Amino acid sequence: MTGVAVLGTGLMGLPMGRNLARAGMRVTAWNRTRDRALPLEADGAVVAHSPAEAVAGADVIVTMLSDGDAVHEAVTAAAPGLRAGQVWAQMSTVGLAAVERLSALAAEHGLTFVDAPVQGTRQPAEQGRLVILASGPASAQGALEPVFGALGQRTLWLGDAGAGTRLKMATVSFGISLTAVVAEALSLAQGLGLDPDLVRQVISGGPMDSAYFQAKSAAILSGDFTPSFTVRNAEKDTRLIGEAGEAAGVRLDVVAAAGERFRRAEAQGHGDEDMAATYFASFGKGQAGGVPGVPPARGEDGSGPGARDGEA
C-alpha cells in the first residue's frame, strides 16, 4: 500500500486527498488550518498536527499549496520527518523561480523531486480528472503511477523537472485570459443596456462556444461565484505568468490586462470568490451591473480571509 502525505487541503488538496484515500492508499494529510483537513478522516485518512508528522513514513509527498513560499515553508517544517529517497510531487502552481528553489530544497534532503502542476480546478479535482504536467527523473514514475492515476485522467511526462511548470504557465494563461474575456463581453452587453444572456445565446452552438464559456457565463449570469479557482489565486498566477514571459522575452499583453481586472475585483472584496467574479471589475464601487442574481460590489478594502492553503 502506497503511503502518501498530502500537504495542503484547500480547494484542490482536499478532493485530491480524498481520491487518494478512496483508491486504497494510506493517506496522511496536513493543513495549516487543521479543521479544513478533518473531513478526510471519513475516508480513512489520518490528519497530522504538523508537516513532519504527515511525511514520516510516506513513500510519496504531495504538495498542493497556494504559492512557492507556502510550499517551501511546509516542506522545511517537514524536515524532521523526511528521509532520503522519498518522492516529492510538487503539484502547486508556483512559477519558474520557485521551482528552482524547491528543487534545491529537495536535493538538500535527498528527496526525488518531480515538478507536476495540474491543469484543472476544483471540479476536475473532485472527479479525479486533472491533467498532470509531470517533469522529473524517470526513476520516480513507478512510485507516482498509482498516485497520478487516482488524481488525473491523463499524465504528460515532459522531461527534466521544471518543464511541467513551464507548460503550466502557458495553459493557465489561456484559462485565466479566457475568463476575463467572457466577463468583459457580458459586462459590455449589460453596460450597453442589453440582457447579457443574449451574448450566451449568440455564442452557444457556434464556433466560439465551449464548455468553459458555458460554465463561466452561467456563473456570472446566475450570480453563483462559488469558487472553483479564486480571484486571489488567479491574480497570483497572472504575476507568475508575467514573470515567465519576461524571462523568455515574450510580451503577454492579454494576461497583463487580466491581472489588472483581478486586482480590481479583489479590491472590491471578491478575492475568495470564483475568478468569474472578474465581471465586477468592469463596474465601479456599488455597481452590480444589473445582472439578475448578481450581488453588488462589496467595498474596496480587499478584506476577506486568506487562501494560502488553496490552489489550482
Side-chain angles (χ1 to χ4, degrees), residues 4 6-23 27 29 40 60 62-67 70-71 89-95 99 114-136 144-158 163-182 210-219 224-238 240-241 244 255 258 262 272-278 307 309-312:
V4 184
V6 178
L7 305 184
T9 60
L11 283 175
M12 299 289 288
L14 185 70
M16 290 168 66
R18 180 171 290 124
N19 286 336
L20 291 168
R22 290 178 177 177
V27 175
L40 290 175
V60 173
V62 170
T63 48
M64 181 50 78
L65 292 147
S66 64
D67 56 38
V71 174
Q90 201 308 103
M91 305 187 77
S92 318
T93 301
V94 298
V99 164
V114 176
D115 169 40
V118 301
Q119 186 68 27
T121 54
R122 176 174 54 85
Q123 292 92 339
E126 291 172 345
Q127 297 161 0
R129 294 186 58 80
L130 296 166
V131 177
I132 299 167
L133 313 179
S135 56
L144 289 172
E145 183 177 358
V147 175
F148 289 170
L151 299 177
Q153 61 175 319
R154 185 158 44 107
T155 299
L156 300 178
W157 283 97
L158 302 163
T165 285
R166 292 197 297 274
L167 181 56
K168 179 61 186 288
M169 293 295 94
T171 57
V172 76
S173 175
F174 174 77
I176 282 175
S177 298
L178 186 56
T179 302
V181 168
V182 173
S210 68
Y212 195 85
F213 167 77
Q214 293 293 338
K216 292 306 179 187
S217 62
D224 181 2
F225 297 103
T226 302
S228 291
F229 189 67
T230 66
V231 165
R232 180 172 288 110
N233 274 329
E235 190 280 328
K236 178 264 296 184
D237 282 1
T238 63
L240 296 179
I241 296 162
V255 79
F262 289 122
D272 293 314
E273 295 175 350
D274 187 79
M275 63 176 171
T278 183
D309 296 322
E311 176 55 39

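Hydrogens, waters and symmetry mates play no part in the numbers below; they use all other heavy atoms, side chains included. Everything quoted here is computed from the prediction, not taken from an experiment.
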In the structure I gave you, are the side-chain heavy atoms of [X] and [Y] within less than 4.5 Å of one another anywhere?
| X | Y | value |
| --- | --- | --- |
| R154 | L130 | no |
| V62 | L7 | no |
| L40 | R18 | yes |
| F148 | V60 | no |
| Q123 | S228 | yes |
| M275 | F262 | yes |
| D274 | V231 | no |
| V71 | Q90 | yes |

Taking atom [atom1] of [X] and atom [atom2] of [Y], what is their separation to the nearest 0.5 Å?
| X | Y | atom1 | atom2 | result |
| --- | --- | --- | --- | --- |
| M64 | M12 | CE | CE | 5.0 Å |
| Q119 | R129 | CD | CZ | 14.0 Å |
| M16 | E126 | CE | CD | 12.5 Å |
| L178 | S173 | CG | OG | 10.5 Å |
| E273 | T226 | CD | OG1 | 9.0 Å |
| L156 | L167 | CG | CG | 7.0 Å |

Walk me through it: do V118 and V131 pass the test side chain to side chain contact (heavy atoms under 4.5 Å, CB included)? CA-CA 6 Å; V118 301; V131 177; over 6 Å; no
Using every non-hydrogen atom in the two residues, find where [X] and [Y] come nearest and quote the distance to one decimal.
| X | Y | result |
| --- | --- | --- |
| G10 | P15 | O-CD, 4.0 Å |
| G8 | L65 | CA-CD2, 3.8 Å |
| A219 | A276 | CB-CB, 4.3 Å |
| A89 | L144 | CB-CD2, 4.0 Å |
| G13 | V6 | O-CG1, 4.1 Å |

Just by modelled atom types, is the [Y] backbone N or O under 3.5 Å from a matching donor or acceptor in the [X] side chain?
| X | Y | answer |
| --- | --- | --- |
| T155 | I132 | no |
| T9 | L14 | no |
| T179 | T278 | no |
| R122 | P227 | yes |

Is a donor from one side chain sitting under 3.5 angstrom from an acceptor on the other, for D272 and T230?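 No, no side-chain donor-acceptor pair sits under 3.5 Å.
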Between T93 and D237: side-chain donor-acceptor atoms closer than 3.5 Å: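 Their side chains do not contain a donor-acceptor pair, so the 3.5 Å distance test is not met.
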Check this for me, if you would: do K168 and D115 make a salt bridge, where the nitrogen-to-carboxylate-oxygen distance has to be below 4.0 angstrom?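 Here K168 does not pair with D115 in a salt bridge, since their nearest N and O are not under 4.0 Å apart.
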In this structure, which one of T171, T238, V181 forms a side-chain contact (heavy atoms from CB on, under 4.5 Å) with I176?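 The side-chain contact (heavy atoms from CB on, under 4.5 Å) with I176 is passed solely by T238 among T171, T238, V181.
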Is the CD atom of Q127 crowded by more than 12 outside heavy atoms at less than 6.0 Å?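 Enclosed.
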Is atom OH of Y212 surrounded by more than 12 heavy atoms (other residues, nucleotides or ligands) closer than 6.0 Å?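 Buried by this count: over 12 neighbours within 6.0 Å.
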Where do D67 and V94 land on the side chain to side chain contact (heavy atoms under 4.5 Å, CB included) test, with the steps shown first? CA-CA 5 Å; D67 56 38; V94 298; 5.7 Å; no
Applying side chain to side chain contact (heavy atoms under 4.5 Å, CB included) to V255 and F174, what does each step give before you reach the verdict? CA-CA 8 Å; V255 79; F174 174 77; over 6 Å; no
Could you please spell out the steps behind the side chain to side chain contact (heavy atoms under 4.5 Å, CB included) verdict for S66 and N233? CA-CA 7 Å; S66 64; N233 274 329; 3.9 Å; yes
